[in-house]
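Taking it in order: structure first as structure tokens, then the write-up.
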Number of protein chains: 2
Amino acid sequence: MTTTAPTSSAVRLAAETWESLFRSQVAVMRRLQAGPAFKKLPIKEYDVLFTLSRCPTGKLRLNEINDHVLLSQSSLSRLVDRLEKRGLVERSIAPDDGRGILLGLTSAGQELQKEIGREHVRDIAELVAPALTADEQRELLRLTDKLQAFVASK
Amino acid sequence: MTTTAPTSSAVRLAAETWESLFRSQVAVMRRLQAGPAFKKLPIKEYDVLFTLSRCPTGKLRLNEINDHVLLSQSSLSRLVDRLEKRGLVERSIAPDDGRGILLGLTSAGQELQKEIGREHVRDIAELVAPALTADEQRELLRLTDKLQAFVASK
DNA sequence: CAGTGATACATGCAAATGCATCTATTTTAG
DNA sequence: CTAAAATAGATGCATTTGCATGTATCACTG
């Protein structure tokens with residue numbers, strides 16, 4: 001396999017693309033986290049509840065969760081401490097790996113996730129749906145999925 | 001003007017689109033900030049230098065910078081303290097508004113921005129360019145620009 | 001199967017962050 | 001023109017974060 005040096009215009013395009021993706025994320029996130037739903041629970045903590053709620057088995061390893069959020073391992077560990085102290089999640093030892101921790105929602109955690117989730121989804125729709133047509137949203141979704149898949153595989 | 005209630009499928013699409021945009025941003029950012037360039041300066045601090053370097057006049061008000069980054073006003077104020085202590089930026093009073101602060105790069109700041117920037121752009125290109133075709137990148141850029149513009153106008 | 005290295009998560013501690021509040025300036029209302 | 005309200009940014013303080021490191025378990029090597 002040969003690797004060709006990228007042209008400077010290709011480099012520039014990639015950089016501009018990332019810049020725009022990043023700024024749009026900042027703009028949307030700024031609005032979302034200002035929403036009243038996140039007075040009850042910071043958005044980063046909500047995100048962990050949400051991630052757990054999406055998972056088919058209902059439980060995830062801490063390191064799996066860590067891949068989904070932009071937090072160091074130690075920060076996630078303490079974030080989970082806070083969620084646990086509030087009775088929203090439960091730690092248990094991974095059955096197949098004595099080092100690992102499985103995290104699951106308590107019923108209070110499920111409740112709160114759904115409650116915040118409903119509001120959050122409304123806010124998202126209000127911000128994203130009028131900005132892009134349905135086709136554009138589908139295309140954006142496809143492209144960001146593809147980008148994410150490539151990065152994850154690298 | 002009448003507002004029609006969005007269908008649940010429209011709401012779902014918007015939510016999935018945002019979710020994918022957000023996760024892709026997390027995945028890419030995770031890689032980028034792990035790059036060796038950001039041992040010299042945290043990526044958030046670099047971002048301020050970068051923003052200043054892009055600005056035609058070379059100077060920006062703190063509240064303008066604040067719109068571009070995901071930081072509270074007070075955090076930005078102290079981030080700028082750190083940059084100033086390192087001699088990378090200079091505060092000056094806004095000529096047309098005695099309350100305002102204009103921030104500009106020092107020459108050391110320009111140097112460091114360019115130095116980190118070169119490395120950073122290479123890392124971005126390595127991550128984004130192979131993931132999407134040039135046409136796809138242009139389309140992603142267009143869509144995120146459009147989303148950002150809508151959010152900013154709201 | 002002992003010993004070495006790797007991995008998963010926790011924790012001490014210094015640094016960064018956000019909220020509430022403060023000061024100073026500008027804008028607006030009367 | 002003056003007084004009240006709004007805005008820009010700084011600062012005290014409690015919370016959150018990350019780095020470095022610690023402990024426990026697992027994987028690999030000879």
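Below, chain A is the first sequence line, B the second, and so on; all start at residue 1.
With hydrogens and angles ignored, no donor-acceptor pair closer than 3.5 Å exists between the side chain of B/Arg61 and the base of D/dG9. With hydrogens and angles left out, the side chain of B/Gln73 and the base of D/dA8 share no donor-acceptor pair within 3.5 Å. A donor N or O paired with an acceptor N or O is not found under 3.5 Å between the base of D/dT16 and the side-chain atoms of A/Arg78.
Applying the 4.0 Å criterion to OP1 and OP2 of C/dA16, one finds that B/Arg82 has a side-chain N or O inside that range. Side-chain N/O atoms of B/Asn63 include none lying less than 4.0 angstrom from OP1 or OP2 on D/dT7. Of the side-chain N and O atoms in A/Ser72, one or more sit less than 4.0 angstrom from OP1 or OP2 of D/dG18. Remark: A/Ser75 is not in phosphate contact with D/dT16, judged by side-chain N or O atoms under 4.0 Å from OP1 or OP2. Remark: A/Ser74 is not in phosphate contact with D/dG18, judged by side-chain N or O atoms under 4.0 Å from OP1 or OP2.
Taking atom NZ of residue A/Lys44 and atom C1' of nucleotide C/dG18, one finds them 11 Å apart after rounding to whole Å. One interatomic measurement links the two molecules: CD of B/Glu45 to C1' of C/dA15, which rounds to 11 Å at whole-angstrom precision. Atom C1' of nucleotide D/dA10 and atom CG of B/Leu62 are separated by 10 Å, given to the nearest angstrom. A/Ile43 has its CD1 atom 16 Å from the C1' atom of D/dT16, to the nearest Å. In this structure, B/Glu84 atom CD and D/dG9 atom P are separated by 13 Å, rounded to whole Å. Whole-Å rounding puts the A/Leu71 CG to C/dC9 P distance at 15 Å. Put simply, OH on B/Tyr46 is 20 Å from P on C/dA16, counting in whole angstrom units. In this structure, the CD1 atom of A/Ile101 is 11 Å from the C1' atom of D/dA24, given to the nearest Å.
At a threshold of 4.0 angstrom between heavy atoms, the contacts of A/Leu76 with the nucleic acid are absent.
The nucleotide whose nearest atom lies closest to any side-chain atom of B/Asp97 is, among D/dT25, C/dT26, D/dA10, C/dT26.
Under 3.5 Å, the side chains of A/Ser20 and B/Thr144 contain a donor-acceptor pair of N or O atoms.
Residues A/Arg142 and A/Asp145 are not paired through a salt bridge, judged by the lack of any N-O separation under 4.0 Å between the basic side chain and the carboxylate. Salt bridge A/Arg31/A/Glu126: absent, no basic N to carboxylate O contact under 4.0 Å.
Considering all non-hydrogen atoms of both residues, B/Ala108 and B/Gly87 come closest at CB-O, 3.8 Å.
Toward the 5' end of DNA chain C, the nearer of the two residues B/Leu79 and B/Asp96, judged by each one's closest nucleotide, is B/Leu79.
Judged by distance alone, the side chain of A/Glu45 and the main-chain N or O of A/Pro42 form no donor-acceptor pair under 3.5 Å.
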